Structures are given as structure tokens and as C-alpha cells.
Amino acid sequence: MINSRPITPPLNGGGGKNYFSDRIERFKREDMTDWSSAFTLLDTMETFFDSHVDLLQRKLQRHSDRLKMKAEEALKMRDFSAAGDQLAENFEKEVKSFKLKVSSRMTKLASSWQSAKVVRTREKISFFFGVMSLLFSALMFGLAPQWVHIAYTVQGLYLLPLRAYIYKKRAWHYFLFDLCYYVTILNFIYIWFFPGSPALLVACYCLSHGSLASAVITWRNSLVFHDQDKVTSLFVHIYGPFSFTVIRHFYPNADERFPALRELPHLNPLHALLLSGGIYVLWQLLYWKFVLVDRREKIESGQRTTSMSWMLNNKRGVIGKALCSIPPNTRIPAFMFGQLIYSIVTELPAVFLLYDSPFWSGAFLIFIFSVSVWNGGGFYIEVFGRKFERELEALRKELAESAQARSGRSSPTDESSLSLSRYTSEDNLTSFSPGSSYSSNSSPTLDTHPLPHIEAASEPNFDGLQMKAKKE
């Protein structure tokens, strides 16, 4: 019977082994083929999605960059505003710091300016320039009178702003509204801007030779070269009439430089007084409105000083006594009216005599200048003389106290103490007292008796006595 079962391949032998090997290899190849096809699909999907994901990422990146840029711009604007505020704060701090530095610097400069050494140097400089100004003015008057009005202007441009600064710092700047500065400014206006105006020439000439020149006597201006304030006051009051005297009488071909002189060979007294009086009344009304009315509280409280308040406080002077005798409610109108009368009276010599006479004009200037020299000499003698007397009095008291302190002890210096007390007595120092023959108007000098020599040691030399005892 034929067996229907398939023949089982033999297990042993090369044939069986090759059979299974072929099957396994085929299975492996088929399996690898399936996986390779799967990997190809994955690669395709990966490539597709990667491109889309990359595109999406780029879009998101661009959108993110735009948002970042907008955010940065917004932050920059905020930072700019914050920086602006910070810059303003820093600027204010810097300004405050700068102001503090400037203030401290000015304080140090003011303190150093008032130190003794600087004061002496400043006084020497003022003395030098004061004397040289006087010398050059005399030389210009004799050699080149056409330069006098230029020297007047140059010195005024230096001295007047300096006075304004000093008076403002001392709260004296209300003095700058006085008539003398008003007239000085009018003089400069005529010299440099309107030299052809006859009306301005009459007003400047009369006021300069009237109220301005007579103020040397009224205000006791002194020729004190080392004092800048006194030199400036004398310049304001005397250089104006000096310049207009030169222009009127001594300026070569004056009518070419100052054409108004051609129309004024002589002055009409009534016209001249009315014109100068009108200029004065204009100043007086402005002074009354802007000083005596608008700043009345500061003046009455003592914060500011005017010429009227200064004269009122000076009860030893004639004007101060007259003002004190007037009731307070009518004091200001009376003072203004008195100034008007004073201005007209002081202009009379200029109107009737000085404008037509070079000789009397020169004599008038010499008189005014001699008054300032006399006042300056009195200042030097009285001030320095009294200072010297005070120093001598202090020395006498010091020596007397030293003699009294040693009078109770027995020492080899007793004899010198007695002689010292004799020399420091009232009889030997009467020449230094204010009531002695050395008055305040003469130069104080020392008495011919010399002061005794003061020993350096006030106690006996015990070492020398001990050595002498040992030797004996």
C-alpha cells in the first residue's frame, strides 16, 4: 500500500540543513523588505511634516520677533521717559550742587576779600589808581583836553558798575537812584549820543555844576585814595563838572565835536533854570513813585536805606536836624521841595558866571577840589590819630596792670616796676589824650621821654645766686 504521507526530508545530511537554511533566509529577506518599505514611508512622512513644522516655526519666529520688537520699542519709550525724568532730576541735582559750590566759593572769596592782607593790598591798589587818575587827569587837561570826556567815560564804566555791585551786596542800592547818578547817565547820553542837543547840554551843564558839584560839600566827600568808596563818590561828583568845564572852555574846536555849543554862545538864565528844573522834577517824580512809594515798607522797616533816611538818622547835621523838626506826615513833601530849592540855588553860579568865564570856572573847580582835599586830610588825621590814641591807651593800661601785678613782690625788678609805673602815669601820657595839645586836626607825635626798658625776666636768677654761694 502506497503511503500518502509526504516524505519527510531527512534530518541528517547536507540536504536537510540546506532546506531550513533557505526557508529562514527567505523569511528574513521578506521581513527586511517589509521593514524597509515601512522606513521609506516614515521618511516620507518625516520629510513632509518636518518641512511644514519648519515653516510653522519660521512663521512663529517671525511673529515672535515682531512682538519682541514692539515690546522693545515700548520698553525703550518707557525707558526714555524714565531716563528723561531721571535726567531732569540729575540736572536739578547738578544745578543745586553747582549753586552750592558757587555760594561756598563766593563765601570763601568774600571772607578772603575781607582778610587783613587782602584789605591792605586792595587799599594799595585803590591808592595807586586814585593817584594815577588824578595825575593823568591833570596831564590830559594841559596836554590833550579832547581826551578828558573819554577818560570820564572809561572810569565811569569801571567805577559805577563796581559801586552797583558793592551797594547791592550791602543793601545800599537805593542810593543809586539819587540825582547824582541820574545826572551822570544824562552826561554820558549827551556826550556820546546827542552832542548836538542844546537842551540836553544846558541841563547837563547846569546840573553838573549845581547839585552834582555842591554834593562834595553837602555829603563831605573826601579825597582818600586808599578808600575805593570815597574815590568813587568824589569821581561821581567832581568829574562831571570838570568834563563840562573842559568841553565849554578848553576843548579845541569844541563846536565840531559838540555842535550844540554853536547855538549856545551864552545862557538865557530863565530858560536854563526852567529846563534844568524840569529835568530835576522829572527825576524827583520817578524817585518818589518807585522808591518812596513802591518800596516804602522796606525803607520804614530799615531793610533799605535812602539818602533821606540817612540824613534823618544823622541828627548832628543841619539837614538831619531840620528833617527831625518836621512832622512825619509832611516830611517827604518838605524834603522834595527843599531839594528843588537847593538844586536851583546851586545852579545860579553856573548860569550867571561859570558858563561865560574860563577863569571863574577853574576857580570853582579848585574850590570844590580843595574841599575834598581838606575833608580827606581830616579823615586821615582824625581816624588814624584816634586809632593811635586808642592803641597808646591800651598800652598804658597794659603796662599799669603789669606794674600792679609785680608791685606786691620783692624782687630785683621792683625798681624797674616803679620807674615803669612813673612813666605810664597820667602826667607823662597827657600828650596822647584827646584833650591835649595834639588835637584831632593835627598829627599825633610821641613825647620826647622814651619809655623805660622792660626786662625780659620778671623773677630773680636763683641759679646764679646758688653758684655764687657755693663759690663763697
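Quantities reported herein were computed from a predicted structural model and do not represent experimental measurements.
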task: Ignoring hydrogens and angles, state whether a donor on the side chain of S276 or Y205 is under 3.5 Å from an acceptor on the partner side chain.
output: no
field: CA sep, side-chain torsions, deciding dist, call: L176, L160, side-chain contact (heavy atoms from CB on, under 4.5 Å)
entry: CA-CA 9 Å; L176 301 176; L160 294 181; over 6 Å; no
query: Is there a donor in the side chain of S208 and an acceptor in the side chain of N187, or the other way round, less than 3.5 Å apart?
result: yes
- request: For H226 and S126, test the side chains for any donor-to-acceptor distance below 3.5 angstrom and give the result as yes or no.
  value: no
message: Can you confirm whether more than 12 heavy atoms, excluding those of R304, are under 6.0 Å from its CZ atom?
response: yes
- prompt: Is a donor on one side and an acceptor on the other found under 3.5 Å between the side chain of W283 and the backbone of F177?
  reply: yes
message: Any donor-acceptor pair under 3.5 Å linking the side-chain atoms of R163 with those of S233?
response: yes
message: Angle between ring planes, F258 versus Y190, binned at 30° and 60°: parallel, tilted or perpendicular?
response: parallel
message: For W219, is the CH2 atom crowded, meaning more than 12 foreign heavy atoms sit under 6.0 Å from it?
response: yes
task: State which residue, out of W192, F242, F244, fulfils the ring pair (Phe, Tyr, Trp, His ring centres under 6.0 Å) condition with H149.
output: W192
task: State, without any angle test, whether T245 and H209 hold a side-chain donor-acceptor pair at a distance under 3.5 Å.
output: yes
message: Determine whether the aromatic ring centres of residues F235 and Y152 are separated by less than 6.0 angstrom.
response: yes
query: Between R248 and Y355, is NZ or CZ placed under 6.0 angstrom from the six-membered ring centre and within 45° of the ring axis?
result: yes
query: Would you find more than 12 non-hydrogen atoms of other residues, nucleotides or ligands less than 6.0 Å from F129 atom CZ?
result: no
field: Exercise: identify the closest heavy-atom pair between M308 and I332
entry: CE-CG1, 3.7 Å
- request: Give a yes-or-no answer on whether the side chains of Y167 and D229 include a donor-acceptor pair shorter than 3.5 Å.
  value: yes
- prompt: Are S137 and Y239 close enough that a side-chain donor and a side-chain acceptor fall under 3.5 Å?
  reply: yes
- prompt: For the residue pair F127 and F225, does the interplanar ring angle fall in the parallel (under 30°), tilted (30 to 60°) or perpendicular (over 60°) class?
  reply: perpendicular
message: More than 12 heavy atoms of other residues, nucleotides or ligands under 6.0 Å from CZ of R296: yes or no?
response: no
- request: Please state whether the rings of F250 and F141 are parallel, tilted or perpendicular, taking 30° and 60° as the class boundaries.
  value: perpendicular
- request: Indicate the atoms forming the closest heavy-atom contact of P145 with V246, along with that distance.
  value: O-CG1, 3.5 Å
message: Once rounded to the nearest 0.5 Å, what's the spacing between atom CD of Q303 and atom NZ of K298?
response: 6.5 Å
Distance-only donor-acceptor check, side chains Y342 and T218, under 3.5 Å: yes
message: Between T346 and S343 (side chain of the first, backbone of the second, donor and acceptor by atom type, cut-off under 3.5 Å), is there such a pair?
response: yes
Got a list of side-chain donor-acceptor pairs under 3.5 Å for residues 364-371, not counting sequence neighbours?
residue : atom : partner : partner atom : Å
S370    : OG   : I366    : O            : 3.1
S370    : OG   : F367    : O            : 2.6

message: Using 0.5 Å steps for rounding, measure from the CD1 atom of I191 to the CD1 atom of I247.
response: 4.5 Å
